[in-house]
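Please read these numbers as outputs of a predicted model, since none were measured by experiment.
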Amino acid sequence: MSDVSMLEPKSVFQYFDEISAVPRASKFNAKISEYLVNFAKKNNLEYYQDELGNVIIYKGATPGYETAEPVMLQGHMDMVAAVAEGYEHDFETQPLEIYVDGDYVTAAGTTLGADNGIAIAMALAVLTSDQVSHPALEVLITVDEEIGMLGAAVMDLSMLTGHTMLNIDSDEEGIFLTGCAGGMALNVSIPVTRVRQTGKKLSLIVTGLSGGHSGSEIDKEHGNADLLMGRLLYGIFSRSPFGILTLHGGLKDNAIPRECEAEILIPAENTQIVCEYVKELNEILKKELVETDPGVQVLIEEQGNAEAEILDYHSVSRVIFYLRNVPNGIQHMSQLLNGQVETSLNLGILELKEDALTSLTSIRSSVKTRKEDLCARVTMLVEMLGGEAEVEGDYPAWEYRTDSALRPQVEKVYEELFHKKPVFSTIHAGLECGLLSEKIPDLDCVSFGPDNFDIHTPKEHLSITSTGRVWDFLVAFLQQANV
C-alpha cells in the first residue's frame, strides 16, 4: 500500500491504491476484470462477467430505499498506457507507482489511470460502505473503452433494470455532461495513375501547426496541414505543370494534422516562379494563422534533376480537387446548447500510394442524421472522382434529452451541497453513454468526475480535494434518490 491509501475519502483512495497495483492497460483487461469478480465474491455480491471481461456487480437497496428506482454506476476498467521519455514500464505485469504530490495523486513516469480508475474506486467504496444509503445499485464496468468502446459496443445489458445512470468518466468537477458526439472514421481511396518523366525535383513541407484533438479542439480553427498542402499544390498548379511523387500527412484520424510533406517534379525552367510562390504563401499563412498557428511554415527545397514515376495530369487534378473541396472542420453548431459544436469532421491522415490517394477522416456529430449526411457528402465527392469510401468504427451519439428527469435531481443535490449551480454541457467527443443509451430504452444519464489533468499522458494528476467533493456529491445523490 502507498501513502495514497491514507488520503480522504479513505475508502475511495484505498481502492484506487489497490487497483493501481493491477495491470489494466487497454487490450489487457483480464487481471482487473478478475479483481472485480473476486471483489464481488469476497463481499457476497451478485455479479456478471461476460467473455470479453465486462463486469456488472449488483447490490440491493438499503432499508427505506426498497421502492426507489435502481441507479446504475458506470465507468471503464482500462487505461491509456503511456510512459515518459527515459522511463520503462511493462503495463502487462508491473503495478503503477503512484504517490502524493501536494493536492494531487500522480504516477512515476507513467499515466496515472485515474481515467477511469477513479470510477472503479468510487463504485467499490459505495458497494462496501455501511454508511451510504442507496437504492438498488447496478455497477457496470467495461473493457477497452480507450480503444473504441469495444466492451460497451457488444455487451448484453438485457439483465439490467435501471434507467438512471451516473457515468463517472469526466474530468472537470462541477461540469455535468449530458450529451456527446457520435462518430465514425471514413476510409477514402481515389485511384491514380503514374507516368515516367524527368524534371526538377522539389520537396514541399507544411509544418509548425498547433494540431490538437479533433473533438475537443476543432472549434479552435487550427490549420489542417493536409488541406493547406492542397492549397499549396493548387497554387503551384496554376503556375506550372507538375507531377506528384510522394504525399503524406497526419498521424491519426482524430488528430488535426500538424505536418504534411510532398515531393513533386516540375519543368526545370519553372523553378524560380514556383519557389517565389511558396515563399509568398508562407507569408500569407503566417498572417492568416497568426492567432491559431503562429509557428506555421511552408518550406521548399530543390533536390536536383530526377527521373521518376509521377502522377499524370488527370491524377494530379483529382488529388487537388479532393483536397480543395472536401469539407473539413465545424459544419454545424448546436441549436440546443449555445457555443457547443454539433457536427464536424477532420481529415486526419493523407497518404499517396502507388495507385491511389488514401485518406482517413474522423466525422463527429451529436445528431445521428447529420453525421450520416456528412458521410454521404464526402462519399459523393469521392465517388465523383472515381474513388470509394468505407465507414469504420461507427458509434452513436449520446443525444441531449430535453425531458431529462435526472438533471433537475442533480442540480438540486449539487446546489444544496455546494451552494452554487452545476454546469450542464455536452462534449464533442465520445463517451460510452451513447452506446449504452442505444441498448437501454429511455436511459437517463449524466457524466461527471473530479478534476483530473493531462489525461492520457505521463503528466496525469488527480486532485485529492476535488475527489473528496465529488464523492460527497455521489453519496448525497444516492441518499436522496428515494425522495
>> For a side chain to side chain donor-acceptor pair (under 3.5 Å) check, start with the C-alpha distance between Asp451 and Ser463, then their side-chain angles and the critical distance, and finish with the verdict.
In response: CA-CA 6 Å; Asp451 289 332; Ser463 169; 5.1 Å; no
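- Side-chain contact annotation: Glu351 with Thr358, donor-acceptor N/O pair under 3.5 Å absent.
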Show me the donor-acceptor pairs within less than 3.5 Å that the side chains of residues 230-238 make with the rest of the protein, sequence neighbours left out.
residue, atom, partner, partner atom, Å
Arg231, NH1, Glu288, OE1, 2.9
Arg231, NH2, Glu288, OE2, 3.0
Ser238, OG, Gly235, O, 2.8

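- Here the shortest heavy-atom pairing between Arg364 and Ala429 reads NH1-CA, 3.5 Å.
- Across every non-hydrogen atom of Ile273 and Arg239, the tightest pair is CD1-CB, 4.4 Å.
- Of the possible polar contacts, none joining the Arg407 side chain to the Val446 backbone as a donor-acceptor pair under 3.5 Å is found.
- In this structure, the side chain of Asn224 engages the main chain of Leu347 through a donor-acceptor pair within 3.5 Å.
- Here the side chains of Ile32 and Val55 are not in contact, with every heavy-atom distance at 4.5 Å or above.
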>> Applying side chain to side chain contact (heavy atoms under 4.5 Å, CB included) to Glu259 and Leu209, what does each step give before you reach the verdict?
In response: CA-CA 7 Å; Glu259 185 168 287; Leu209 297 165; over 6 Å; no
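- Between Ser466 and Asp103 the shortest side-chain heavy-atom distance does not fall below 4.5 Å.
- Checking side-chain atoms of Asp219 against main-chain N and O of Ile330 turns up no donor-acceptor pair under 3.5 Å.
- Looking at every heavy atom in both residues, Asp226 comes nearest to Gly250 through OD1-N, 3.8 Å.
- Once rounded to the nearest 0.5 Å, the distance linking CG of Leu285 with CD of Glu283 reads 9.5 Å.
- Minimum heavy-atom separation, Ile120 to Leu36: CG2-CD2, 3.8 Å.
- For the pair His428 (side chain) and Gly215 (backbone), a donor-acceptor distance under 3.5 Å is absent.
- Judged purely by atom type and a 3.5 angstrom limit, Thr467 has no side-chain atom pairing as donor or acceptor with the backbone of Pro450.
- Ring orientation note: the planes of Phe453 and Tyr104 are nearly perpendicular, at an angle over 60° on the 30°/60° scale.
- Proximity of His461 to Asp101: side-chain heavy atoms (C-beta onward) are nowhere separated by under 4.5 Å.
- No donor-acceptor pair closer than 3.5 Å links the side chain of Thr178 to the backbone N or O of Thr426.
- Once rounded to the nearest 0.5 Å, the distance linking OG1 of Thr361 with CG of Asn346 reads 7.0 Å.
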> For Gln49 and Glu34, what are the C-alpha separation, side-chain angles and deciding distance, and is it a side chain to side chain contact (heavy atoms under 4.5 Å, CB included)?
Replying inline: CA-CA 9 Å; Gln49 181 188 41; Glu34 286 306 309; 3.0 Å; yes
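- A distance of 8.5 Å separates CG in Asn452 from CD1 in Ile118, rounded to the nearest 0.5 Å.
- At least one donor-acceptor pair closer than 3.5 Å links the side chain of Lys439 to the backbone N or O of Ala153.
- With a 4.5 Å cut-off on side-chain heavy atoms, Pro327 and Leu345 count as touching.
- Taking CG of Leu360 as the reference point, atom CG of Asp253 lies at 4.5 Å (rounded to 0.5 Å).
- One side chain, Asp444 or Ser404, offers a donor N or O that lies under 3.5 Å from an acceptor on the other.
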Which atom pairs, one a donor and one an acceptor, fall under 3.5 Å between side chains of residues 382-399 and the rest of the protein, sequence neighbours left out?
residue, atom, partner, partner atom, Å
Glu392, OE2, Asn187, ND2, 2.9
Asp394, OD1, Lys371, NZ, 2.7

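- Judged by distance alone, the side chain of Ser315 and the main-chain N or O of Thr193 form a donor-acceptor pair under 3.5 Å.
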Show me the side-chain donor-acceptor pairs of residues 141-149 shorter than 3.5 Å, one per line, residues at least two apart or across chains.
residue, atom, partner, partner atom, Å
Thr142, OG1, Glu432, OE1, 3.3
Thr142, OG1, Glu432, OE2, 2.4
Asp144, OD1, Lys27, N, 2.7
Asp144, OD1, Asn29, ND2, 2.7
Asp144, OD2, Asn29, ND2, 3.4
Glu145, OE1, His76, NE2, 3.1
Glu146, OE1, His456, NE2, 3.2
Glu146, OE2, His456, NE2, 3.4

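- Put simply, CD on Glu438 and CG on Leu436 are 10.0 Å apart, with the number rounded to the nearest 0.5 Å.
- A donor atom on one side chain and an acceptor atom on the other are found under 3.5 Å apart for Thr246 and Glu263.
- Of the inter-residue distances, the one linking Gln74 atom CD with Leu431 atom CG reads 9.0 Å to the nearest 0.5 angstrom.
- Of the N and O atoms on the side chains of Tyr277 and Ser240, not one donor lies less than 3.5 Å from an acceptor on the other residue.
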